[in-house]
Amino acid sequence: MGLISLDSVILQSFAYSETSKILRLLTRTHGVRSVIAKGALRPRSRYGGILEPFTDGVATLHLKEGRDLQTLSGFELRRSRQGLGRHLVRFGGASLLGELVLRTASEEAHPELFDAFRRGLDALDRAADAELESAVLAEAWHLIGHLGFAPALDACLACGRAVEPEEATTFDHAAGGIRCPECAPSAPGRPLPPHAREALVRLGRRERVPLERTAAHWQLLRRFLAHHVIEGRELRSLAFLEAALTAA
Amino acid sequence: MAVIDDLTGELSRLPGIGRKTALRLTYYLLKRPPEEIQRLARVLEAVAEQVRPCSECGNLSEHDPCAFCANPRRDPSAICVVEEAADIGAIERTGQYHGRYHVLGGRLSPLEGINPEDLNIAALLRRLGNGSVVREVIVATNPSVEGEATALYLQKLIGPLGVRVTRLARGLPVGGDLEYADGVTIAEALAGRREL
């Protein structure tokens with residue numbers, strides 16, 4: 001395949017050799033790709049300062065299937081999200097979304113994931129300070145859903161019965177969902193009261209939710225990710241984000 | 001061939017040097033007079049043995065404290081914070097700054113697992129502690145998203161200590177052409193415009 005233009009968001013950007021940069025891009029039609037931007041660090045580079053994490057644009061590259069590293073020949077800026085770096089919680093939240101994609105997405109096209117990621121970054125960029133924590137959780141759960149790991153919150157994992165909104169349930173991290181009061185005693189899990197379950201459902205729909213016990217929400221997210229998305233490893237950006245939230 | 005392979009292997013571990021370039025460098029070195037190679041080896045050994053981070057500022061130096069920290073003519077009331085020791089050279093070349101430095105050893109990057117505790121921040125705070133004569137900290141981290149986040153983090157830590165925290169300006173390069181500047185740089189230049 002020759003020269004192609006791809007809707008892209010830069011996930012990661014780091015220096016390579018004296019003058020080049022290597023970028024990890026999430027593209028709409030070609031999944032996650034690594035590209036080298038030759039000369040990007042030169043003072044008068046045509047890329048200027050645009051090849052930064054979270055930047056949105058059209059990447060033109062020479063795509064050669066089977067190669068791990070493609071060569072970038074142009075990047076047309078659509079939206080810079082430099083502002084994310086000027087607020088530590090926004091920066092940490094955007095890094096969390098980026099790391100989720102980097103750890104799980106492949107080279108296969110996933111336009112819904114691409115759109116969800118882009119919308120998520122915009123939401124973090126624009127959210128009011130008061131609702132920022134809820135926004136980060138909502139965008140993270142929404143993205144997890146698009147990655148194919150959404151928790152089962154409507155019906156009991158064991159017996160399959162639809163759970164009523166007012167019923168107290170338990171959340172089984174390893175199994176990835178809830179258990180009804182009848183099935184809960186016979187299986188592992190932590191209590192998930194009705195209001196917390198409702199909050200989780202709404203967060204998954206990208207709704208802003210007034211959060212009562214935010215620490216419990218972060219703990220639930222951390223445990224869920226460790227079981228299903230990153231297989232026991234720690235998400236690097238989660239620790240940073242939690243520290244930024246505490247400081248804020 | 002083992003020694004040649006060893007040298008090629010070691011050279012190819014350097015940043016920006018692939019296997020082919022490493023091989024080319026190896027054969028270049030083998031064609032040089034032996035004393036030239038021995039001189040290079042001696043310098044590498046000396047660097048490994050003698051160069052250490054300055055206990056005061058983190059700059060790489062064969063003396064502790066480094067030349068900048070030990071120089072009584074450097075202004076002790078200003079500290080310029082940089083990401084890497086190599087950045088000091090860029091600022092020194094301007095001839096416009098006469099204060100002291102502090103090397104962070106990187107910038108915040110949650111994606112790469114670089115958190116505040118991985119940077120040389122505790123030593124910076126010690127320099128600003130009780131009895132400090134420092135009046136201004138100039139944050140000269142790179143103008144990237146991660147550099148900005150690092151600057152903001154430092155400002156939040158240092159601001160409450162009553163020390164003035166400033167950031168290097170961002171905008172158009174001197175001698176550049178507006179027509180060829182990218183959108184982000186122009187937007188930053190507009191945001192940072194100043195009264196004539």
Side-chain angles (χ1 to χ4, degrees), chain A residues 10-21 24 41 43-55 57 75-103 234-244 247-248, chain B residues 14-18 21 83-84 86-87 90 106-119 121 139 141-157 159-160 167 170-192:
Chain A
I10 299 174
L11 294 168
Q12 206 173 11
S13 162
F14 48 90
Y16 179 77
S17 74
E18 284 188 12
T19 57
S20 301
K21 268 186 170 184
R24 299 270 281 155
L41 291 174
R44 302 221 176 152
S45 159
R46 63 198 153 118
Y47 297 115
I50 65 177
L51 299 183
E52 285 293 307
F54 319 127
T55 298
F75 194 91
E76 185 191 327
L77 177 71
R78 281 211 175 132
R79 186 177 167 85
S80 157
R81 296 190 179 89
Q82 294 266 318
L84 288 168
R86 297 187 188 119
H87 192 292
L88 293 176
V89 175
R90 291 176 212 277
F91 177 62
S95 298
L96 173 65
L97 300 187
E99 192 175 356
L100 278 171
V101 173
L102 275 169
R103 294 272 188 115
E234 188 81 351
L235 270 184
R236 293 159 164 176
S237 48
L238 202 49
F240 178 88
L241 175 61
E242 286 179 292
Chain B
L14 297 174
I17 296 189
T21 309
E83 288 184 16
E84 301 293 349
D87 298 332
R107 76 277 183 263
L108 291 177
S109 178
L111 275 169
E112 291 169 39
I114 303 171
N115 286 318
E117 58 273 19
D118 302 312
L119 303 178
I121 293 175
V139 184
T141 51
N142 285 325
S144 61
V145 174
E146 287 146 341
E148 282 297 307
T150 309
L152 179 68
Y153 183 83
L154 292 176
Q155 190 263 326
K156 282 182 183 287
L157 280 183
R167 177 92 171 101
R170 306 170 60 162
L172 295 165
V174 176
D177 193 323
L178 200 62
E179 189 183 347
Y180 295 108
D182 66 274
V184 176
T185 303
I186 295 175
E188 293 290 336
L190 275 171

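Residue numbers start from 1 in every chain, and the chains themselves are labelled A, B, ... in the order their sequence lines are given, proteins ahead of strands. Heavy atoms only: backbone and side chains are in, while hydrogens, waters and symmetry mates are out.
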| Top residue by heavy-atom pair count (under 4.5 Å) with chain A, among B:A149, B:A151, B:P15? | B:A149
| message | When you compare the side chain of A:R24 with that of A:I10, does any pair of heavy atoms fall below 4.5 Å? | response | no
| Residues of residues 89-97 of chain A under 4.5 Å from chain B (heavy atom pairs)? | A:F91, A:S95
| message | Here's a test for you: under side chain to side chain donor-acceptor pair (under 3.5 Å), which of B:R167, B:R107, B:E146 qualifies with B:T141? | response | B:R167
| message | Looking only at heavy atoms and a cut-off of under 4.5 Å, which of B:L152, B:L111, B:N115 has the most pairs with chain A? | response | B:L111
| message | Going by side-chain contact (heavy atoms from CB on, under 4.5 Å), name the residues that satisfy it together with A:R103, two or more places apart in sequence or in a different chain. | response | A:E99, A:I230, A:R233, A:L235, A:R236
| note | All heavy atoms of B:P116 vs all of B:I121, minimum pair found to be O-CD1, 3.8 Å
| message | I'd like to know if the side chain of B:E148 reaches the main chain of B:P143, judged simply by a donor and an acceptor atom lying under 3.5 Å from each other, with no hydrogens or angles considered. | response | no
| Proximity breakdown for A:L77 and chain B, heavy-atom pairs closer than 4.5 Å | side chain
| message | Looking at A:L41, is its backbone amide N or carbonyl O close enough to the side chain of A:K21 to form a donor-acceptor pair, meaning the two atoms are under 3.5 Å apart? | response | no
| Given that the side chain runs from C-beta out, which part of A:F54 has a heavy atom under 4.5 Å from chain B: side chain, backbone, both or neither? | side chain
| field | Short side-chain to backbone donor-acceptor contact, B:T150 and B:L108, under 3.5 Å | value | yes
| Using non-hydrogen atoms only, which part of B:S144 is less than 4.5 Å away from chain A: side chain, backbone, both, or neither? | both
| message | Among A:S237, A:P53, A:A244, A:G83, which residue has the highest count of heavy-atom pairs closer than 4.5 Å to chain B? | response | A:S237
| Taking only residues two or more places apart in sequence or in another chain, which ones pass salt bridge (Lys or Arg N to Asp or Glu O under 4.0 Å) with B:E188? | A:R86, B:R170
| note | By salt bridge (Lys or Arg N to Asp or Glu O under 4.0 Å), A:R78 pairs with (sequence neighbours left out) A:D7
